[in-house]
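Written below as structure tokens is the structure these notes are about.
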Amino acid sequence: MSNADSTMAYPFDDIEPRWQDYWEEHQTFRTPDEVPEEEEKVYVLDMFPYPSGSGLHVGHPEGYTATDIVARYKRMQGVHVLHPMGWDAFGLPAEQYAMKTNTHPRKTTKENIAQFKRQLKRLGFSYDWQREINTTDPDYYKWTQWIFLQLYEQGLAYQSEERVWWCEELGTVLADEEVIDGKSERGGYPCKRVPMRQWVLKITEYADRLLEGLDDLDWPESTKEMQRNWIGRSEGANIYFDLVDVDDSLKVYTTRPDTLFGATYMVLAPEHDLVDEITTDEQREAVEAYREEALQKSDVERQQDEKTGVFTGGYAVNPATGEEIPVWVADYVLASYGTGAIMAVPAHDERDYAFAQEFDLPIREVVEGGDIEEAAYTDDGPHVNSANDEVDLNGLDKADAKDRIVEWLEAEGEGEHQVNYQLRDWLFSRQRYWGEPFPIVFTEDGEDKPVPEDELPVTLPDLDVFEPSGTPEGPLATIDDWVETTDPETGEPVIRETNTMPQWAGSCWYYLRFIDPDNDELPVDPEKEQYWMPVDLYVGGSEHAVLHLLYARFWHKVLYDAGVVSTKEPFQTLVHQGMILGEKEYTAYRTDDGAFVSAAHVDADPGSAGGDTRTGDELETVNVDETDVTKDGDVFVLADDPDVRVDARSHKMSKSRGNVINPDDVVDEYGADTLRLYEMFMGPLEQDKPWSTDDVEGVYRFLNRVWRLLVDDDTGEPTVTDEEPDRDQLRELHQTIKKVTQDIEHLNFNTAIAAMMEFLNAANKWDAVPQAVAEPFVLLLSPFAPHLCEELWRRLGHDDSLAYADWPEYEEALLHKEVVEMPVQVDGTVRATIEVSADAEEKDVIATAKENENVARHLEGATVQREIFVPGQIVNFVTS
RNA sequence: GCCGGAGUGGCGGAAUUGGUAGACGCAACGGACUUAAAAUCCGUUGGGGCCUGUGCCCCGUGGGGGUUCGAGUCCCCCCUCCGGUACCA
């Protein structure tokens with residue numbers, strides 16, 4: 001039963017497609033190719049979507065509406081706006097679908113894009129569709145390959161043997177998350193890690209610049225912090241430990257060189273190069289077995305709490321104490337961080353402490369302050385037991401001890417100060433079909449060579465059959481007549497690189513291509529780039545807080561160094577829209593025989609089935625209607641049985657939960673303007689918010705009231721008058737202009753809408769609406785509900801679109817009320833509200849306040865110590 | 001564990017530099033219109049208490065303390081929830 005069926009509803013289903021056609025026909029939102037002469041510009045960008053087969057989700061229009069409002073608002077202010085949209089269309093799902101149905105990913109992708117585009121157009125976004133780009137288009141990925149060549153030529157791309165999960169049965173390489181317990185997630189077939197030659201990008205070379213660049217960006221603090229943590233810069237020292245009976249030394253990285261005197265053993269990662277050399281014959285078998293086991297474990301499995309490890313039989317010399325200390329192999333030391341080896345200081349490191357306890361290794365205190373019988377002490381304190389003939393750390397604190405010992409190590413040639421990063425170089429190849437081919441060939445003697453620029457793009461060959469390649473090298477390796485080619489320079493036979501680029505590649509620079517999408521000479525014209533960059537507002541999900549945004553910043557800096565772009569950072573202001581959750585659900589728990597169990601006794605993730613914590617019985621979940629629950633203190637209980645607590649929360653939308661809202665359905669029922677307005681009205685943009693169909697109807701009613709305020713339902717004629725607006729009407733209008741303008745500037749769309757609702761409530765009480773008030777109001781509403789407002793604008797007598805009409809400006813003088821209400825407090829408690837003239841003097845206001853009966857009553861018998869007067873805000877009498 | 005964010009009516013959420021807590025919307029209730037329903041319109045709605053009534057009093061922004069004439073807002077301590085991350089030496 002929807003209100004939308006009512007005959008009273010405004011005809012959105014007629015209005016919306018009509019205006020969408022108009023905009024398309026008139027190219028209303030086309031941004032000219034030429035660089036405008038006027039300075040002022042704004043580049044408003046959405047994170048472009050992956051066009052999945054399931055179509056648009058209600059989460060998409062949230063960010064897209066926000067940027068659309070800003071774009072439309074800025075256009076009306078006469079600013080040049082770049083507001084494009086495109087498709088991040090390479091990726092695994094289309095390839096998996098191809099293997100299931102033997103449909104070419106190109107076809108699937110094309111269909112999905114058509115679906116997405118149709119859905120977006122229905123929502124009336126003001127994109128310049130002439131600039132649409134698609135990462136799978138050879139004219140686009142030509143330049144992705146070109147950028148790879150820039151990286152290659154600058155020495156930022158190298159090849160390395162990296163281990164991948166290979167599943168013999170499935171005949172394909174799997175990602176980490178597709179392998180569980182060494183078995184494939186699909187089918188449960190055994191997998192093993194095999195080394196593969198892969199391309200890796202030297203993002204670590206840019207670590208410091210990526211870190212520093214964050215400081216000046218107007219980004220959410222949490223996102224900047226996540227990037228900082230991801231880069232993970234730390235300062236410490238490399239220290240060299242000579243090996244006993246082996247002519248080599250062991251290099252370790254530590255952030256606590258000051259605890260060197262407490263290093264009582266050492267640990268190598270199982271992958272460490274020196275394991276073989278160090279291991280003694282007696283220990284070899286045990287070490288080999290341990291190593292074998294560790295190599296087949298996934299990273300997750302290796303991060304179990306219990307520490308495992310095995311003694312190598314070898315010893316190293318602690319350079320500070322001269323002691324010979326045992327060298328172990330353990331998988332709590334990661335090969336990928338630091339040098340893959342550590343000096344273990346069990347007294348002052350929790351992990352080393354746990355390991356030492358497990359294997360009964362000595363624990364020696366070198367920093368005072370804790371109780372090392374109980375636990376590792378990692379805080380600061382005076383150093384002890386830390387002196388030899390040449391250096392003495394005793395009594396020093398952490399910072400001084402670090403300086404002193406590093407100085408000594410450097411003088412002795414036993415170590416040096418070292419900065420380290422958690423950031424790893426970027427594994428840039430995938431053993432897949434549906435991605436950008438690398439512009440690289442290999443000569444017969446195995447040398448890699450770049451494909452010359454004028455030979456780009458290296459296009460993806462077609463495949464007849466989509467099936468697992470049967471080789472870890474991926475599907476392209478099976479196409480001989482593509483792989484085998486000739487070197488255009490020498491005419492010699494060469495073979496092509498058969499890896500493809502990861503999905504991130506295309507999204508690393510798409511914001512540049514939007515500026516100049518058809519350029520076949522360059523990725524982007526420098527003059528246009530200088531005008532439009534940086535992106536002024538970038539909106540997208542926080543799931544991209546690290547990877548996409550870090551990779552894109554990295555490429556941008558490389559392009560900056562190559563002189564392709566003029567800004568050091570691509571995205572000046574970044575906003576993450578919150579997640580839209582499903583409708584709020586109340587969940588009760590029940591036993592087999594139908595008895596309710598209070599949620600207080602249920603052990604389960606809220607909303608999913610679980611067990612009774614007292615009896616262990618399995619419980620089923622029941623959805624309870626909102627009307628059958630009631631609030632009891634902080635929790636909800638069944639109205640009929642207040643002893644039974646129920647879970648009340650909204651969940652992430654998912655097919656399995658069946659709480660997915662399809663934007664198409666909402667548009668069918670209420671129209672695009674309602675969907676847009678609702679998503680903006682739900683709450684602050686950045687916040688997660690639950691969907692509520694009742695609330696959708698609320699904003700729909702608002703749009704209907706706007707329509708009825710200005711248009712006669714029977715005749716379709718406007719109901720406005722040409723009378724001069726009175727003072728009250730002007731004040732209402734100008735207050736609304738001010739509020740809406742400021743709120744859009746701050747992306748506070750929910751309160752902007754509330755202000756317009758307040759305006760409407762006021763206007764509904766007027767006998768008639770003057771045209772001079774109606775028109776600015778329609779303009780204010782237009783970025784939010786563009787179809788409705790275009791229609792109203794037309795009916796109010798305008799021939800052109802309002803897309804470039806002047807944004808209304810408020811007059812300060814019209815905002816003021818002549819008479820204002822002021823609360824009067826006695827000792828901080830409001831006792832009355834008085835009406836005074838807005839420009840009344842303090843003494844008059846105080847006098848009026850004192851005359852108030854209730855105020856007088858509270859002041860009776862008391863001495864007024866102070867009189868607080870804040871003009872227009874408050875009067876407060878403080879008594880003794 | 002660590003980092004980040006948030007706790008305000010039955011619900012989503014408002015609240016400039018500290019200045020009438022609960023704007024706006026939903027839901028609920030009452031009324032008008034209607035043969036009736038829907039839609040629409042008007043009104044009430046944080047909790048408790050006093051009063052014939054205009055009205056008045058007390059409590060109230062996760063909990064406890066503090067600063068201030070005045071605290072949702074600032075300071076200290078604690079609790080809960082959400083997101084991220086986790087053997088990074």
Side-chain angles (χ1 to χ4, degrees), chain A residues 1 3 5-9 220-226 228-230 232 234 236 252-256 259 267 302-305 307 330-334 336-339 341-345 349-352 354-355 420-424 542-543 545-546 578-579 584 606 626-627 629-631 634 636 648-650 678 681-684 686-699 701-702 704-705 708 742 748 750-751 753-758 761 764 821-833 853-854 857 865-868 870 872-879:
Chain A
M1 276 330 98
N3 305 340
D5 299 331
S6 156
T7 52
M8 300 297 283
E221 205 43 56
S222 59
T223 300
K224 290 205 237 181
E225 205 50 37
M226 280 164 75
R228 289 189 189 109
N229 292 340
W230 192 263
S234 68
V252 302
Y253 172 73
T254 177
T255 54
R256 291 296 304 276
T259 61
V267 185
R302 283 173 62 158
Q303 289 165 17
Q304 301 301 325
D305 275 341
K307 297 271 182 286
D331 67 4
Y332 83 92
V333 171
L334 307 177
S336 56
Y337 185 76
T339 62
I342 61 154
M343 65 177 206
V345 185
D349 181 284
E350 282 161 18
R351 299 149 301 180
D352 297 344
F355 191 82
N420 209 351
Y421 301 91
Q422 243 165 276
L423 183 69
R424 305 264 62 88
S542 57
E543 67 272 22
V546 176
M579 204 193 321
K584 188 159 194 169
E626 193 187 342
T627 54
V629 298
T630 182
K631 197 160 191 181
D634 289 338
F636 283 90
R649 57 175 291 176
S650 21
Y678 171 64
F681 187 60
M682 293 174 88
E686 302 87 338
Q687 202 170 294
D688 292 350
K689 305 160 281 263
W691 186 268
S692 160
T693 300
D694 282 336
D695 290 357
V696 176
E697 302 218 7
V699 297
R701 281 200 278 266
F702 165 69
N704 273 291
R705 285 202 292 267
R708 284 197 306 269
Q742 290 179 347
N748 294 329
N750 55 330
T751 50
I753 295 165
M756 291 188 280
M757 288 174 166
E758 285 188 77
N761 290 343
N764 262 330
E821 289 190 343
M822 276 184 81
V824 181
Q825 300 180 332
V826 177
D827 293 324
T829 305
V830 178
R831 295 302 178 187
T833 310
E853 198 185 330
N854 204 40
R857 194 158 61 79
Q865 294 274 335
R866 272 178 77 183
E867 291 169 349
I868 312 273
V870 184
Q873 302 270 22
I874 204 139
V875 175
N876 190 8
F877 297 109
V878 185
T879 68

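Chain letters run A, B, ... following the sequence lines, proteins first and then strands; every chain starts at 1.
- In this structure, A:D352 reaches neither bases nor backbone, as no heavy-atom distance under 4.0 Å exists between it and the strands shown.
- Among the heavy atoms of the strands lying under 4.0 Å from A:Q825 is at least one base atom, whether or not backbone atoms are also near.
- The side chain of A:R701 lies closest to B:C26, out of B:C56, B:C26, B:C87.
- Residue A:T751 has no polar side-chain atom (N or O) positioned under 4.0 Å from OP1 or OP2 of B:G13.
- Rounded to an integer number of Å, the gap from CG of A:D688 to P of B:G12 is 13 Å.
- When rounded to the nearest whole Å, the span between CD of A:E225 and P of B:A86 equals 15 Å.
- For A:P690, taking side-chain heavy atoms from C-beta onward, the closest of the listed nucleotides B:G12, B:U40, B:C11 is B:G12.
- Put simply, CZ on A:F702 and CZ on A:F681 are 9.0 Å apart, with the number rounded to the nearest 0.5 Å.
- When distances are taken from the side chain of A:R705 to each of B:G25, B:G10, B:A23, the shortest belongs to B:G25.
- A distance of about 24 Å separates the C1' atoms of B:G62 and B:C26, rounded to the whole Å.
- Atom CH2 of A:W230 has 12 or fewer neighbouring heavy atoms from other residues, nucleotides or ligands inside a 6.0 Å radius.
- Within a 6.0 Å sphere centred on CD of A:E350, heavy atoms belonging to other residues, nucleotides or ligands number 12 at most.
- Rounded to whole angstrom, the span from the NZ atom of A:K631 across to the P atom of B:G62 amounts to 11 Å.
- A distance of about 15 Å separates the P atoms of B:A15 and B:G72, rounded to the whole Å.
- For B:G63 and B:A14, the C1' atoms lie 24 Å apart once the distance is rounded to whole Å.
- Using a 4.5 Å heavy-atom threshold, the side chains of A:D827 and A:F877 count as separate.
- In textbook terms, a nucleotide whose glycosidic angle is within 90° of 0 is syn, and B:G9 is one such case.
- Remark: C1' of B:U16 and CG of A:N748 are 12 Å apart, rounded to the nearest angstrom.
- Using a 4.0 Å heavy-atom criterion, one finds that A:P684 contacts the sugar-phosphate atoms exclusively.
- Across all strands shown, A:N761 has heavy atoms under 4.0 Å from sugar-phosphate atoms exclusively, and none from any base.
- Nucleotides B:A28 and B:G46, compared at atom C1', are 14 Å apart to the nearest Å.
- B:C33 sits 11 Å from B:C42 when the C1' atoms are compared, rounded to a whole Å.
- Backbone-only contact: A:S234 has heavy atoms under 4.0 Å from sugar-phosphate atoms and none from a base.
- Residue A:R831 contributes atom CZ, which lies 16 Å from atom P of B:U20 at whole-angstrom precision.
- Across B:U61 and B:G22, the matching P atoms stand 14 Å from one another, rounded to whole Å.
- Rounded to whole Å, the separation between the P atoms of B:U68 and B:U73 comes to 16 Å.
- Counting to the nearest Å, the C1' atom of B:A15 and the CD atom of A:Q742 are 15 Å from each other.
- For RNA chain B, each stem of at least three Watson-Crick or G-U pairs (distances under 3.5 Å) is given as range with range: B:1-7 with B:79-85, B:10-12 with B:24-26, B:28-32 with B:40-44, B:46-50 with B:55-59, B:62-66 with B:74-78.
- When the nucleotides B:G70, B:G25, B:C82 are ranked by their closest atom to the side chain of A:N876, B:G70 comes out on top.
- With the nearest nucleotide of RNA chain B identified for both A:V870 and A:E350, A:E350 has the one nearer the 5' end.
- A:V878 and A:I868 make their closest contact through CG2-CG1, 4.3 Å (heavy atoms, listed as atom of the first residue, atom of the second, distance).
- Among the atoms of the strands shown, only primed sugar atoms or phosphate atoms (P, OP1, OP2) are found under 4.0 Å from some heavy atom of A:G698.
- Within 4.0 Å (heavy atoms only), A:S692 reaches no atom of the nucleic acid at all.
- Ranked by how close their nearest RNA chain B nucleotide is to the 5' end, A:T339 and A:D827 are led by A:D827.
- Rounded to a whole angstrom, the distance from the C1' atom of B:G30 to that of B:G84 is 49 Å.
- Distance from the side chain of A:N750 is smallest to B:G13 among B:G13, B:C41, B:C3.
- Ring orientation note: the planes of A:Y332 and A:F355 are tilted relative to one another, at an angle of 30° to 60°.
- For B:C26, the base has no donor-acceptor partner in the side chain of A:D694 [N/O atoms by modelled type, under 3.5 angstrom].
- Salt bridge annotation for A:R228-A:E221: present, with a cationic side-chain nitrogen under 4.0 angstrom from a carboxylate oxygen.
- Counting any heavy atom pair closer than 4.0 Å across all strands shown, A:Q687 reaches sugar-phosphate atoms only and no base atom.
- Between A:R256 and B:A89 there is no side-chain N or O to OP1 or OP2 distance below 4.0 Å.
- Residue A:K584 has no polar side-chain atom (N or O) positioned under 4.0 Å from OP1 or OP2 of B:C26.
- For A:E758, the side-chain atoms get nearest to B:A23 when compared with the rest of B:A89, B:U17, B:A23.
- Of all nucleotides listed (B:C56, B:A15, B:A89), B:A89 comes nearest to the side chain of A:V333.
- Note: NZ (A:K689) to P (B:C11) measures 19 Å, nearest angstrom.
- Closest approach to the A:T255 side chain among B:G84, B:G10, B:A89 is made by B:A89 (side chain taken as heavy atoms from C-beta onward).
- In this model, a donor atom of one side chain and an acceptor atom of the other lie less than 3.5 Å apart for A:R857 and A:N854.
- When distances are taken from the side chain of A:P823 to each of B:U20, B:C26, B:C56, the shortest belongs to B:U20.
- Nearest nucleotide to the side chain of A:R708, out of B:G19, B:U40, B:G4: B:U40.
- For the atom pair A:M226 CE and A:N229 CG, the distance stands at 8.5 Å (nearest 0.5 Å).
- Phosphate proximity of B:G4 to A:R228: absent, as no side-chain N or O sits under 4.0 Å from OP1 or OP2.
- The heavy-atom pair separating A:V345 from A:D352 by the smallest distance is N-OD2, 2.9 Å.
- In this structure a side-chain-to-backbone donor-acceptor pair under 3.5 Å is missing from A:S542 to A:A545.
- Taking atom CD on A:E686 and atom P on B:G5, their separation rounds to 13 Å, with Å as the unit.
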